[in-house]
Amino acid sequence: MGMTITEKILREHTELKELHSGMLINARVDVALGNDITAPFAIEEFRKAGGTAVFDRDRVILVPDHFTPNKDIQSAAQCKVLRDFVNEQNLTHSFEGGTVGIEHALLPEQGLVLPGDLVIGADSHTCTYGALGAYATGVGSTDLAAVMLTGEAWFKVPESMKIVLHGSLRRWVSGKDLILYIIGRIGVDGARYRAMEFTGDTIARLGMADRFTMANMVIEAGAKNGIFIPDAVTEAYVRERARRKWRFYDSDPDAVYASILDVDVSRIEPQVAFPPLPSNTRGISEVGEIRIDQVVIGSCTNGRIEDLRIAAGLLKGREAAPHVRLIIIPATPGVYRAALQEGLLEIFLNAKAVISPPTCGPCLGGYMGILADGERAVATTNRNFIGRMGHPGSEVYLASPAVAAASAILGRIAGPDSL
Amino acid sequence: MKFRGKVWKFGDNIDTDAIIPARHLTTTDPAELARHCMEDIDPEFARKVGAGDIIVAGENFGCGSSREHAPIAIKAAGISCVIARSFARIFYRNAFNMGLPIFESAELWDRVAGGQHIEADGGGGKIIIVGSEAQPLSIEPIPPFMQELIRHGGLMRHIAQKKQQSQGRK
(Lines give C-alpha, C1' and ligand atoms only; values in the text may rest on other atoms or scores of the structure.)
Protein backbone atom coordinates (compact mmCIF):
# COMPACT_ATOMS: atom_id res chain seq x y z
CA MET A 1 0.00 0.00 0.00
CA GLY A 2 1.28 3.46 -0.88
CA MET A 3 2.28 5.97 1.76
CA THR A 4 1.75 9.70 2.16
CA ILE A 5 4.62 12.09 2.73
CA THR A 6 3.44 12.50 6.33
CA GLU A 7 3.57 8.74 6.93
CA LYS A 8 7.00 8.45 5.31
CA ILE A 9 8.55 11.18 7.43
CA LEU A 10 7.11 9.69 10.60
CA ARG A 11 8.31 6.19 9.68
CA GLU A 12 11.80 7.49 9.04
CA HIS A 13 11.87 8.74 12.65
CA THR A 14 11.03 5.35 14.16
CA GLU A 15 12.46 1.84 13.95
CA LEU A 16 9.29 0.63 12.27
CA LYS A 17 9.21 -0.90 8.81
CA GLU A 18 5.49 -0.55 8.38
CA LEU A 19 3.47 2.43 9.44
CA HIS A 20 -0.07 3.53 8.68
CA SER A 21 -2.60 6.06 9.90
CA GLY A 22 -4.14 5.36 13.29
CA MET A 23 -1.00 3.73 14.71
CA LEU A 24 0.49 5.02 17.94
CA ILE A 25 4.21 5.51 17.51
CA ASN A 26 7.15 6.82 19.46
CA ALA A 27 9.33 8.97 17.22
CA ARG A 28 12.66 10.78 17.32
CA VAL A 29 12.33 14.55 17.23
CA ASP A 30 14.73 16.66 15.14
CA VAL A 31 13.79 20.05 16.55
CA ALA A 32 11.77 20.97 19.64
CA LEU A 33 10.77 24.56 20.24
CA GLY A 34 9.06 26.71 22.80
CA ASN A 35 8.43 30.40 23.44
CA ASP A 36 8.15 32.81 26.38
CA ILE A 37 4.58 31.70 27.11
CA THR A 38 4.98 27.94 26.85
CA ALA A 39 8.65 27.34 27.75
CA PRO A 40 8.43 28.44 31.41
CA PHE A 41 5.86 25.67 32.04
CA ALA A 42 7.98 23.17 30.14
CA ILE A 43 11.10 24.13 32.08
CA GLU A 44 9.25 23.73 35.38
CA GLU A 45 8.01 20.28 34.32
CA PHE A 46 11.45 19.33 33.01
CA ARG A 47 12.97 20.08 36.42
CA LYS A 48 10.15 18.38 38.35
CA ALA A 49 10.85 15.22 36.38
CA GLY A 50 14.47 15.39 37.51
CA GLY A 51 15.80 16.78 34.21
CA THR A 52 19.27 18.27 34.36
CA ALA A 53 20.36 18.39 30.69
CA VAL A 54 18.33 18.62 27.47
CA PHE A 55 18.66 15.70 25.06
CA ASP A 56 20.58 17.76 22.49
CA ARG A 57 21.55 21.40 22.90
CA ASP A 58 21.51 21.92 19.11
CA ARG A 59 17.92 20.76 18.79
CA VAL A 60 16.06 22.53 21.58
CA ILE A 61 15.23 26.06 20.45
CA LEU A 62 13.51 28.54 22.74
CA VAL A 63 12.46 31.90 21.28
CA PRO A 64 11.11 34.70 23.49
CA ASP A 65 8.84 36.23 20.84
CA HIS A 66 5.32 36.59 22.21
CA PHE A 67 5.53 39.36 24.79
CA THR A 68 8.97 40.73 23.89
CA PRO A 69 10.45 43.31 24.13
CA ASN A 70 9.15 42.56 27.63
CA LYS A 71 5.73 44.15 27.91
CA ASP A 72 5.40 44.21 31.69
CA ILE A 73 6.95 42.89 34.88
CA GLN A 74 5.26 39.50 34.72
CA SER A 75 6.22 38.82 31.11
CA ALA A 76 9.76 40.00 31.92
CA ALA A 77 9.87 37.32 34.61
CA GLN A 78 8.66 34.67 32.13
CA CYS A 79 11.32 35.69 29.62
CA LYS A 80 13.93 35.56 32.35
CA VAL A 81 13.00 31.95 33.15
CA LEU A 82 13.50 31.11 29.46
CA ARG A 83 16.75 33.08 29.15
CA ASP A 84 18.26 31.59 32.32
CA PHE A 85 17.47 28.10 31.04
CA VAL A 86 18.98 28.80 27.61
CA ASN A 87 22.17 29.98 29.31
CA GLU A 88 22.26 27.19 31.88
CA GLN A 89 21.81 24.53 29.18
CA ASN A 90 24.15 26.39 26.84
CA LEU A 91 21.70 25.97 23.98
CA THR A 92 23.37 26.48 20.60
CA HIS A 93 20.68 28.74 19.20
CA SER A 94 19.82 31.60 21.47
CA PHE A 95 17.85 34.70 20.64
CA GLU A 96 17.87 37.94 22.55
CA GLY A 97 17.02 41.58 21.86
CA GLY A 98 17.78 42.38 18.24
CA THR A 99 18.11 38.75 17.19
CA VAL A 100 14.58 37.80 18.29
CA GLY A 101 12.08 37.15 15.57
CA ILE A 102 8.69 35.44 15.44
CA GLU A 103 9.64 31.78 15.82
CA HIS A 104 7.82 30.36 12.80
CA ALA A 105 9.32 32.95 10.47
CA LEU A 106 12.71 32.91 12.16
CA LEU A 107 13.51 29.19 12.23
CA PRO A 108 13.03 28.52 8.50
CA GLU A 109 14.79 31.78 7.61
CA GLN A 110 17.80 30.71 9.68
CA GLY A 111 17.79 27.22 8.18
CA LEU A 112 17.07 25.64 11.57
CA VAL A 113 14.17 23.52 10.33
CA LEU A 114 14.56 21.63 7.08
CA PRO A 115 12.66 19.35 4.69
CA GLY A 116 12.12 15.87 6.11
CA ASP A 117 12.48 17.03 9.72
CA LEU A 118 10.17 15.99 12.52
CA VAL A 119 9.47 19.14 14.52
CA ILE A 120 7.36 19.61 17.61
CA GLY A 121 6.72 22.97 19.19
CA ALA A 122 4.84 24.17 22.20
CA ASP A 123 2.95 26.56 19.97
CA SER A 124 -0.01 25.68 17.81
CA HIS A 125 1.43 27.38 14.72
CA THR A 126 4.39 25.00 14.66
CA CYS A 127 2.55 23.45 11.71
CA THR A 128 4.05 26.29 9.59
CA TYR A 129 7.15 24.18 8.78
CA GLY A 130 5.05 21.76 6.76
CA ALA A 131 5.62 24.27 3.95
CA LEU A 132 9.16 22.89 3.71
CA GLY A 133 8.01 19.29 3.46
CA ALA A 134 8.65 18.66 7.15
CA TYR A 135 6.32 17.00 9.65
CA ALA A 136 5.61 19.69 12.22
CA THR A 137 2.92 19.88 14.86
CA GLY A 138 2.01 21.88 17.93
CA VAL A 139 1.89 20.35 21.40
CA GLY A 140 1.53 21.56 24.97
CA SER A 141 4.31 22.47 27.37
CA THR A 142 4.30 19.06 29.04
CA ASP A 143 4.95 17.30 25.77
CA LEU A 144 7.77 19.77 25.11
CA ALA A 145 9.21 18.98 28.54
CA ALA A 146 9.15 15.27 27.78
CA VAL A 147 10.92 15.84 24.45
CA MET A 148 13.53 18.08 26.06
CA LEU A 149 14.26 15.15 28.39
CA THR A 150 14.16 12.27 25.94
CA GLY A 151 14.32 13.59 22.36
CA GLU A 152 11.23 11.52 21.59
CA ALA A 153 7.49 12.02 21.48
CA TRP A 154 4.48 9.77 20.97
CA PHE A 155 2.09 10.42 18.12
CA LYS A 156 -0.98 8.94 16.59
CA VAL A 157 -0.25 8.76 12.87
CA PRO A 158 -2.84 11.07 11.28
CA GLU A 159 -5.00 10.30 8.30
CA SER A 160 -4.29 12.62 5.42
CA MET A 161 -6.68 14.72 3.42
CA LYS A 162 -5.57 15.87 0.03
CA ILE A 163 -6.26 19.41 -1.08
CA VAL A 164 -5.79 19.66 -4.84
CA LEU A 165 -5.31 23.23 -6.05
CA HIS A 166 -5.42 23.81 -9.77
CA GLY A 167 -5.67 26.80 -12.07
CA SER A 168 -4.13 30.25 -12.06
CA LEU A 169 -4.51 32.77 -9.29
CA ARG A 170 -6.36 35.98 -9.94
CA ARG A 171 -4.52 39.23 -9.31
CA TRP A 172 -4.15 40.01 -5.57
CA VAL A 173 -5.00 36.45 -4.56
CA SER A 174 -2.31 34.97 -2.30
CA GLY A 175 -1.64 31.94 -0.14
CA LYS A 176 -3.59 33.69 2.62
CA ASP A 177 -6.70 33.87 0.46
CA LEU A 178 -6.35 30.21 -0.51
CA ILE A 179 -6.09 28.96 3.06
CA LEU A 180 -8.92 31.22 4.28
CA TYR A 181 -11.06 29.95 1.42
CA ILE A 182 -10.25 26.32 2.26
CA ILE A 183 -10.98 26.83 5.98
CA GLY A 184 -14.24 28.49 4.96
CA ARG A 185 -15.10 25.42 2.91
CA ILE A 186 -14.24 22.74 5.49
CA GLY A 187 -14.80 24.59 8.81
CA VAL A 188 -12.66 25.09 11.91
CA ASP A 189 -12.77 21.36 12.66
CA GLY A 190 -12.87 20.17 9.05
CA ALA A 191 -9.38 18.68 9.30
CA ARG A 192 -9.42 17.77 12.98
CA TYR A 193 -6.64 15.27 13.80
CA ARG A 194 -5.70 15.05 10.12
CA ALA A 195 -2.76 15.96 7.90
CA MET A 196 -3.67 18.46 5.19
CA GLU A 197 -1.55 17.74 2.12
CA PHE A 198 -1.53 20.46 -0.52
CA THR A 199 -0.95 19.40 -4.12
CA GLY A 200 -1.96 20.38 -7.64
CA ASP A 201 -0.55 22.47 -10.45
CA THR A 202 -1.08 25.76 -8.61
CA ILE A 203 1.50 24.86 -5.97
CA ALA A 204 4.50 25.10 -8.31
CA ARG A 205 3.64 28.77 -8.83
CA LEU A 206 3.43 29.55 -5.12
CA GLY A 207 6.57 30.92 -3.48
CA MET A 208 7.74 29.79 -0.06
CA ALA A 209 6.09 32.77 1.68
CA ASP A 210 2.66 31.75 0.39
CA ARG A 211 3.29 28.14 1.37
CA PHE A 212 4.35 29.12 4.89
CA THR A 213 1.16 31.17 5.24
CA MET A 214 -0.98 28.23 4.17
CA ALA A 215 0.74 25.61 6.33
CA ASN A 216 0.64 28.08 9.23
CA MET A 217 -3.14 28.19 9.27
CA VAL A 218 -4.00 24.49 8.93
CA ILE A 219 -4.43 24.43 12.73
CA GLU A 220 -7.32 26.83 12.15
CA ALA A 221 -9.08 23.90 10.46
CA GLY A 222 -8.10 21.65 13.38
CA ALA A 223 -5.38 19.82 11.43
CA LYS A 224 -2.48 18.07 13.10
CA ASN A 225 -0.09 19.13 10.36
CA GLY A 226 -0.10 20.68 6.92
CA ILE A 227 2.38 19.62 4.30
CA PHE A 228 3.67 20.49 0.84
CA ILE A 229 5.69 18.13 -1.37
CA PRO A 230 9.08 19.84 -1.64
CA ASP A 231 10.15 20.95 -5.12
CA ALA A 232 12.57 23.32 -6.89
CA VAL A 233 11.14 26.30 -4.99
CA THR A 234 11.83 24.53 -1.69
CA GLU A 235 15.29 23.52 -2.86
CA ALA A 236 16.25 27.10 -3.75
CA TYR A 237 14.98 28.37 -0.38
CA VAL A 238 16.75 25.72 1.67
CA ARG A 239 20.06 25.53 -0.17
CA GLU A 240 21.22 28.99 0.86
CA ARG A 241 20.21 28.48 4.51
CA ALA A 242 20.81 24.91 5.62
CA ARG A 243 23.86 23.95 7.64
CA ARG A 244 22.98 20.28 7.89
CA LYS A 245 21.54 17.65 5.53
CA TRP A 246 17.92 17.60 4.54
CA ARG A 247 15.76 15.09 2.72
CA PHE A 248 12.85 15.40 0.33
CA TYR A 249 9.90 13.04 0.65
CA ASP A 250 7.00 12.52 -1.71
CA SER A 251 3.63 10.80 -1.50
CA ASP A 252 3.15 7.56 -3.41
CA PRO A 253 0.62 7.65 -6.27
CA ASP A 254 -1.42 4.96 -4.48
CA ALA A 255 -1.25 6.58 -1.04
CA VAL A 256 -4.54 6.48 0.88
CA TYR A 257 -6.44 9.68 1.71
CA ALA A 258 -9.39 10.13 4.04
CA SER A 259 -10.81 12.72 1.66
CA ILE A 260 -9.91 14.77 -1.37
CA LEU A 261 -10.91 18.41 -1.86
CA ASP A 262 -10.57 19.79 -5.35
CA VAL A 263 -10.27 23.59 -5.64
CA ASP A 264 -10.26 25.62 -8.84
CA VAL A 265 -8.29 28.62 -7.58
CA SER A 266 -9.14 30.76 -10.60
CA ARG A 267 -12.60 31.22 -9.10
CA ILE A 268 -11.33 32.57 -5.78
CA GLU A 269 -11.26 36.29 -5.03
CA PRO A 270 -9.44 37.88 -2.07
CA GLN A 271 -10.97 36.54 1.14
CA VAL A 272 -11.87 38.08 4.49
CA ALA A 273 -12.63 35.98 7.60
CA PHE A 274 -15.24 37.72 9.73
CA PRO A 275 -15.22 37.39 13.52
CA PRO A 276 -15.33 35.25 15.52
CA LEU A 277 -13.98 32.27 13.52
CA PRO A 278 -11.40 31.87 10.74
CA SER A 279 -13.96 29.78 8.85
CA ASN A 280 -16.36 32.70 8.64
CA THR A 281 -15.02 33.75 5.24
CA ARG A 282 -16.44 35.94 2.50
CA GLY A 283 -15.11 37.10 -0.84
CA ILE A 284 -14.01 40.73 -0.81
CA SER A 285 -16.92 41.65 -3.12
CA GLU A 286 -19.38 40.46 -0.46
CA VAL A 287 -17.92 42.35 2.48
CA GLY A 288 -20.07 45.49 2.41
CA GLU A 289 -19.22 48.75 4.17
CA ILE A 290 -17.23 48.02 7.32
CA ARG A 291 -15.36 50.92 8.87
CA ILE A 292 -12.17 50.01 10.70
CA ASP A 293 -9.96 51.51 13.40
CA GLN A 294 -6.76 49.53 13.02
CA VAL A 295 -4.76 47.47 10.56
CA VAL A 296 -2.04 45.02 11.59
CA ILE A 297 0.34 43.66 8.98
CA GLY A 298 2.68 41.06 10.44
CA SER A 299 2.68 37.80 12.48
CA CYS A 300 3.94 34.28 11.80
CA THR A 301 1.25 34.10 9.15
CA ASN A 302 2.09 37.18 7.05
CA GLY A 303 5.10 39.06 8.40
CA ARG A 304 7.64 37.99 5.77
CA ILE A 305 9.42 40.27 3.32
CA GLU A 306 7.16 39.16 0.46
CA ASP A 307 4.16 40.28 2.53
CA LEU A 308 5.71 43.65 3.29
CA ARG A 309 6.57 44.17 -0.39
CA ILE A 310 2.93 43.66 -1.34
CA ALA A 311 1.80 46.11 1.35
CA ALA A 312 4.44 48.65 0.35
CA GLY A 313 3.48 48.38 -3.32
CA LEU A 314 0.01 49.60 -2.41
CA LEU A 315 1.00 52.08 0.29
CA LYS A 316 3.62 53.80 -1.84
CA GLY A 317 2.59 57.43 -2.32
CA ARG A 318 -0.53 56.88 -0.22
CA GLU A 319 -1.43 57.24 3.46
CA ALA A 320 -3.48 55.34 5.99
CA ALA A 321 -6.91 56.95 6.49
CA PRO A 322 -6.77 59.51 9.31
CA HIS A 323 -8.91 57.38 11.64
CA VAL A 324 -6.87 54.19 11.07
CA ARG A 325 -3.86 53.09 13.11
CA LEU A 326 -1.65 51.13 10.72
CA ILE A 327 0.81 48.85 12.54
CA ILE A 328 3.45 47.00 10.57
CA ILE A 329 5.50 44.27 12.22
CA PRO A 330 8.37 42.69 10.29
CA ALA A 331 8.46 39.09 11.54
CA THR A 332 12.22 38.81 11.98
CA PRO A 333 15.30 41.04 12.17
CA GLY A 334 16.19 39.72 8.69
CA VAL A 335 12.84 40.87 7.32
CA TYR A 336 13.27 44.21 9.10
CA ARG A 337 16.71 44.73 7.54
CA ALA A 338 15.51 43.76 4.07
CA ALA A 339 12.57 46.15 4.40
CA LEU A 340 14.99 48.89 5.40
CA GLN A 341 17.37 48.18 2.53
CA GLU A 342 14.59 48.00 -0.03
CA GLY A 343 13.14 51.32 1.12
CA LEU A 344 9.91 49.76 2.38
CA LEU A 345 10.20 51.26 5.85
CA GLU A 346 10.29 54.75 4.38
CA ILE A 347 7.16 53.99 2.37
CA PHE A 348 5.48 52.80 5.56
CA LEU A 349 6.57 55.87 7.53
CA ASN A 350 5.30 58.13 4.76
CA ALA A 351 2.02 56.21 4.88
CA LYS A 352 1.75 57.15 8.61
CA ALA A 353 2.35 53.59 9.78
CA VAL A 354 3.78 52.55 13.12
CA ILE A 355 6.68 50.13 12.61
CA SER A 356 7.09 47.67 15.45
CA PRO A 357 10.05 45.46 16.27
CA PRO A 358 9.43 41.77 15.57
CA THR A 359 6.92 40.41 18.12
CA CYS A 360 3.74 38.34 18.24
CA GLY A 361 2.34 41.28 20.27
CA PRO A 362 -1.14 42.23 19.07
CA CYS A 363 -1.95 38.98 17.24
CA LEU A 364 -2.88 37.34 20.54
CA GLY A 365 -3.90 40.50 22.35
CA GLY A 366 -0.55 40.78 24.12
CA TYR A 367 0.40 44.37 23.41
CA MET A 368 1.56 46.73 20.62
CA GLY A 369 -1.92 47.43 19.31
CA ILE A 370 -4.73 46.33 21.65
CA LEU A 371 -8.31 47.11 20.62
CA ALA A 372 -10.86 48.95 22.76
CA ASP A 373 -14.48 47.88 23.13
CA GLY A 374 -16.27 48.24 19.80
CA GLU A 375 -13.13 48.73 17.72
CA ARG A 376 -12.45 46.81 14.52
CA ALA A 377 -9.20 45.68 12.99
CA VAL A 378 -8.18 44.12 9.72
CA ALA A 379 -5.22 41.87 10.47
CA THR A 380 -2.98 39.59 8.43
CA THR A 381 -2.82 37.33 11.51
CA ASN A 382 -4.42 33.92 11.99
CA ARG A 383 -7.20 34.09 14.58
CA ASN A 384 -10.25 36.29 15.00
CA PHE A 385 -11.74 34.71 18.12
CA ILE A 386 -13.70 36.89 20.55
CA GLY A 387 -11.26 39.14 22.40
CA ARG A 388 -8.27 37.85 20.44
CA MET A 389 -6.76 41.33 19.92
CA GLY A 390 -8.13 43.06 22.98
CA HIS A 391 -11.54 43.83 24.46
CA PRO A 392 -14.15 41.05 24.05
CA GLY A 393 -16.30 43.66 22.32
CA SER A 394 -13.67 44.33 19.64
CA GLU A 395 -13.51 42.58 16.26
CA VAL A 396 -10.75 41.13 14.09
CA TYR A 397 -11.13 40.54 10.35
CA LEU A 398 -8.47 38.28 8.84
CA ALA A 399 -7.12 39.06 5.39
CA SER A 400 -4.05 39.13 3.14
CA PRO A 401 -1.42 41.91 3.21
CA ALA A 402 -2.93 43.34 0.01
CA VAL A 403 -6.42 43.62 1.49
CA ALA A 404 -4.99 44.91 4.78
CA ALA A 405 -3.01 47.66 3.05
CA ALA A 406 -5.93 48.69 0.84
CA SER A 407 -8.23 48.71 3.89
CA ALA A 408 -5.80 50.92 5.81
CA ILE A 409 -5.79 53.46 3.01
CA LEU A 410 -9.58 53.48 2.53
CA GLY A 411 -10.48 53.25 6.23
CA ARG A 412 -12.87 50.39 5.55
CA ILE A 413 -12.48 46.75 4.55
CA ALA A 414 -11.64 46.79 0.85
CA GLY A 415 -9.53 45.08 -1.77
CA PRO A 416 -6.74 46.69 -3.82
CA ASP A 417 -9.06 47.02 -6.81
CA SER A 418 -11.02 49.64 -4.86
CA LEU A 419 -8.01 51.97 -4.70
CA MET B 1 -13.40 7.23 38.82
CA LYS B 2 -16.68 9.09 39.16
CA PHE B 3 -17.39 12.78 38.79
CA ARG B 4 -20.61 14.31 40.06
CA GLY B 5 -21.46 17.97 39.68
CA LYS B 6 -23.55 20.77 38.29
CA VAL B 7 -23.53 21.28 34.52
CA TRP B 8 -22.20 24.45 32.88
CA LYS B 9 -23.15 24.39 29.23
CA PHE B 10 -21.20 25.92 26.34
CA GLY B 11 -21.63 25.76 22.56
CA ASP B 12 -19.41 24.68 19.65
CA ASN B 13 -15.82 25.79 18.97
CA ILE B 14 -15.03 27.12 22.45
CA ASP B 15 -11.49 28.32 21.73
CA THR B 16 -8.51 28.61 24.03
CA ASP B 17 -8.75 32.43 23.99
CA ALA B 18 -12.25 32.04 25.41
CA ILE B 19 -11.07 29.53 28.02
CA ILE B 20 -8.17 31.73 29.10
CA PRO B 21 -7.53 35.01 27.24
CA ALA B 22 -3.91 35.50 26.17
CA ARG B 23 -3.68 38.74 28.17
CA HIS B 24 -3.52 36.55 31.29
CA LEU B 25 -0.72 34.32 30.02
CA THR B 26 1.92 36.32 31.85
CA THR B 27 1.52 33.91 34.74
CA THR B 28 1.55 30.15 35.24
CA ASP B 29 -0.18 30.34 38.65
CA PRO B 30 -3.24 28.03 38.49
CA ALA B 31 -5.28 30.09 40.99
CA GLU B 32 -4.72 33.28 39.01
CA LEU B 33 -5.54 31.55 35.71
CA ALA B 34 -8.70 30.09 37.27
CA ARG B 35 -9.93 33.58 38.18
CA HIS B 36 -10.09 34.45 34.45
CA CYS B 37 -11.41 31.15 33.13
CA MET B 38 -14.11 31.72 30.44
CA GLU B 39 -14.29 35.41 31.36
CA ASP B 40 -14.86 36.73 27.83
CA ILE B 41 -17.92 34.47 27.45
CA ASP B 42 -19.18 34.69 31.02
CA PRO B 43 -17.36 37.18 33.28
CA GLU B 44 -19.00 35.62 36.36
CA PHE B 45 -18.09 32.02 35.52
CA ALA B 46 -15.06 31.70 37.81
CA ARG B 47 -17.01 33.14 40.74
CA LYS B 48 -20.12 31.02 40.21
CA VAL B 49 -18.57 27.65 39.46
CA GLY B 50 -18.40 25.16 42.32
CA ALA B 51 -15.88 22.46 43.14
CA GLY B 52 -16.64 19.32 41.14
CA ASP B 53 -18.85 21.04 38.55
CA ILE B 54 -18.81 19.77 34.98
CA ILE B 55 -18.50 21.60 31.66
CA VAL B 56 -20.67 20.23 28.85
CA ALA B 57 -19.82 21.60 25.41
CA GLY B 58 -20.44 21.08 21.70
CA GLU B 59 -18.01 20.33 18.88
CA ASN B 60 -14.28 21.11 18.80
CA PHE B 61 -13.85 22.23 22.41
CA GLY B 62 -10.44 23.82 23.03
CA CYS B 63 -9.62 24.79 19.46
CA GLY B 64 -6.87 27.32 18.80
CA SER B 65 -3.69 27.72 20.76
CA SER B 66 -1.54 25.02 22.36
CA ARG B 67 -1.54 26.82 25.71
CA GLU B 68 -1.68 24.38 28.63
CA HIS B 69 -2.93 27.31 30.63
CA ALA B 70 -6.37 26.36 29.23
CA PRO B 71 -6.83 22.94 30.91
CA ILE B 72 -5.01 24.29 33.97
CA ALA B 73 -7.45 27.21 34.27
CA ILE B 74 -10.44 24.87 33.93
CA LYS B 75 -9.08 22.40 36.45
CA ALA B 76 -8.07 25.08 38.95
CA ALA B 77 -11.51 26.69 38.64
CA GLY B 78 -12.86 23.52 40.25
CA ILE B 79 -14.21 21.74 37.17
CA SER B 80 -13.94 17.98 37.65
CA CYS B 81 -14.28 16.99 33.99
CA VAL B 82 -15.29 18.27 30.56
CA ILE B 83 -17.72 16.38 28.35
CA ALA B 84 -17.97 17.60 24.75
CA ARG B 85 -19.20 16.34 21.42
CA SER B 86 -15.59 16.54 20.27
CA PHE B 87 -12.28 18.11 21.27
CA ALA B 88 -9.58 19.92 19.35
CA ARG B 89 -6.48 17.75 19.06
CA ILE B 90 -3.91 19.71 21.06
CA PHE B 91 -6.39 20.43 23.86
CA TYR B 92 -7.28 16.74 24.08
CA ARG B 93 -3.67 15.82 24.68
CA ASN B 94 -2.99 18.73 27.03
CA ALA B 95 -6.04 17.95 29.17
CA PHE B 96 -4.85 14.43 29.97
CA ASN B 97 -1.29 15.62 30.42
CA MET B 98 -2.56 18.14 32.99
CA GLY B 99 -4.72 15.56 34.72
CA LEU B 100 -8.05 17.00 33.58
CA PRO B 101 -10.40 14.15 32.60
CA ILE B 102 -12.39 14.71 29.41
CA PHE B 103 -15.00 12.61 27.65
CA GLU B 104 -16.59 12.64 24.24
CA SER B 105 -20.35 12.23 24.07
CA ALA B 106 -22.38 12.88 20.95
CA GLU B 107 -25.66 12.76 22.88
CA LEU B 108 -25.23 14.49 26.22
CA TRP B 109 -25.37 18.08 24.95
CA ASP B 110 -28.92 17.66 23.66
CA ARG B 111 -30.08 15.79 26.76
CA VAL B 112 -28.94 18.03 29.56
CA ALA B 113 -29.57 21.63 30.60
CA GLY B 114 -27.23 23.99 32.41
CA GLY B 115 -27.75 23.73 36.18
CA GLN B 116 -28.75 20.05 36.13
CA HIS B 117 -26.53 17.59 37.95
CA ILE B 118 -24.84 14.68 36.23
CA GLU B 119 -22.58 11.85 37.21
CA ALA B 120 -19.85 10.69 34.85
CA ASP B 121 -18.35 7.28 35.51
CA GLY B 122 -15.02 7.35 33.71
CA GLY B 123 -14.06 3.78 34.54
CA GLY B 124 -17.50 2.32 33.83
CA GLY B 125 -18.03 4.42 30.72
CA LYS B 126 -21.42 5.94 31.44
CA ILE B 127 -23.13 9.21 32.29
CA ILE B 128 -26.23 9.51 34.47
CA ILE B 129 -28.39 12.62 34.55
CA VAL B 130 -29.25 12.91 38.24
CA GLY B 131 -33.00 12.77 38.87
CA SER B 132 -33.73 11.52 35.35
CA GLU B 133 -35.34 8.21 34.58
CA ALA B 134 -33.54 8.01 31.24
CA GLN B 135 -31.06 5.25 30.43
CA PRO B 136 -27.45 6.18 31.22
CA LEU B 137 -25.50 7.46 28.21
CA SER B 138 -22.46 5.44 27.32
CA ILE B 139 -19.04 7.00 26.86
CA GLU B 140 -15.66 5.54 25.99
CA PRO B 141 -14.20 4.45 29.34
CA ILE B 142 -10.81 5.84 30.40
CA PRO B 143 -8.38 2.90 30.45
CA PRO B 144 -6.79 2.07 33.83
CA PHE B 145 -3.35 3.51 32.96
CA MET B 146 -4.92 6.85 32.00
CA GLN B 147 -7.02 6.82 35.18
CA GLU B 148 -3.82 6.41 37.13
CA LEU B 149 -2.24 9.27 35.21
CA ILE B 150 -5.21 11.48 36.11
CA ARG B 151 -5.11 10.41 39.76
CA HIS B 152 -1.44 11.34 39.90
CA GLY B 153 -2.29 14.81 38.60
CA GLY B 154 -1.01 14.61 35.04
CA LEU B 155 1.75 13.15 32.88
CA MET B 156 4.88 14.50 34.52
CA ARG B 157 3.72 13.78 38.09
CA HIS B 158 2.71 10.34 36.89
CA ILE B 159 6.19 9.74 35.46
CA ALA B 160 7.78 10.97 38.69
CA GLN B 161 5.53 8.67 40.79
CA LYS B 162 6.30 5.68 38.60
CA LYS B 163 10.00 6.41 38.87
CA GLN B 164 9.74 6.57 42.67
CA GLN B 165 7.77 3.32 42.77
CA SER B 166 10.29 1.46 40.65
CA GLN B 167 13.18 2.81 42.71
CA GLY B 168 11.33 1.73 45.87
CA ARG B 169 11.10 -1.80 44.54
CA LYS B 170 14.84 -1.95 43.90
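Just so you know, these numbers come straight off a predicted model, no measurement behind them. Lettering of chains follows the sequences in order, A, B, ..., and the numbering in each one begins at 1.
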Structural part of A/I219 lying under 4.5 Å from a heavy atom of chain B: side chain

Is a side-chain N or O of A/E220 found less than 3.5 angstrom from the main chain of B/G64, in a donor-acceptor match? no

If only atom types and distance count, is the side chain of B/N94 paired as donor or acceptor with the main-chain N or O of A/G140 below 3.5 Å? yes

Just so I understand: if I count every heavy-atom pair under 4.5 Å between each of A/R383, A/H125, A/R388 and chain B, which residue has the most? A/R383

Proximal component of A/I73, with respect to chain B [non-hydrogen, under 4.5 Å]: neither

Between the OG1 atom in B/T27 and the CD1 atom in A/I37, the distance rounded to the nearest 0.5 Å is 12.0 Å

Taking atom CD1 of A/I120 and atom OG of B/S66, what is their separation to the nearest 0.5 Å? 9.5 Å

So, taking the atom named CE in B/M156 and the one named CG in A/D143, what distance separates them when rounded to the nearest 0.5 Å? 9.5 Å

After noting the C-alpha distance and the side-chain angles of A/I386 and B/I41, does the key distance pass the side chain to side chain contact (heavy atoms under 4.5 Å, CB included) rule? CA-CA 8 Å; A/I386 291 167; B/I41 300 180; 5.9 Å; no

If I measure from the heavy atoms of chain A, does B/F91 come under 4.5 Å with its side chain, its backbone, both, or neither? neither

Contact origin within A/L277 toward chain B - heavy atom pairs under 4.5 Å: side chain

For the interface with chain B, which of A/K224, A/H391, A/E44, A/K71 has the highest count of heavy-atom pairs at distances below 4.5 Å? A/K224

Which residues in residues 6-22 of chain B have any heavy atom closer than 4.5 Å to a heavy atom of chain A? B/N13, B/D15, B/D17, B/A22

Greater than 12 external heavy atoms within 6.0 Å of B/Q135's CD: no

When heavy-atom pairs shorter than 4.5 Å are enumerated against chain A, which of B/R93, B/H69, B/R23 gives the highest number? B/R93

State whether the side chain of B/R89 and the backbone N or O of A/G138 hold a donor-acceptor pair below 3.5 Å, judged by distance alone. yes

Let me know if B/L25 has heavy atoms under 4.5 Å from chain A in its side chain, its backbone, both or neither. both

Would you say that more than 12 heavy atoms from the other residues, nucleotides or ligands in this model lie under 6.0 Å from the CZ of A/R83, or not? yes

Expected output: side-chain B/E68 to main-chain A/S141 donor-acceptor under 3.5 Å: yes

So which residues of residues 46-63 of chain B are in contact with chain A at a heavy-atom cut-off of under 4.5 Å? B/E59, B/N60, B/C63

Chain A heavy atoms under 4.5 Å from B/I72: which part of the residue, side chain, backbone, both or neither? side chain

So, for B/F87 and A/Y193, which heavy atoms are closest and what is the spacing to 0.1 Å? O-CE1, 3.8 Å

Below 4.5 Å, heavy-atom pairs only: which of A/E45, A/K48, A/R192 has the largest tally toward chain B? A/R192

Begin with the C-alpha distance, continue with both residues' side-chain angles, and end with the deciding distance and a verdict on side chain to side chain contact (heavy atoms under 4.5 Å, CB included) for B/M98 and A/F41. CA-CA 11 Å; B/M98 291 295 100; A/F41 256 144; 5.9 Å; no

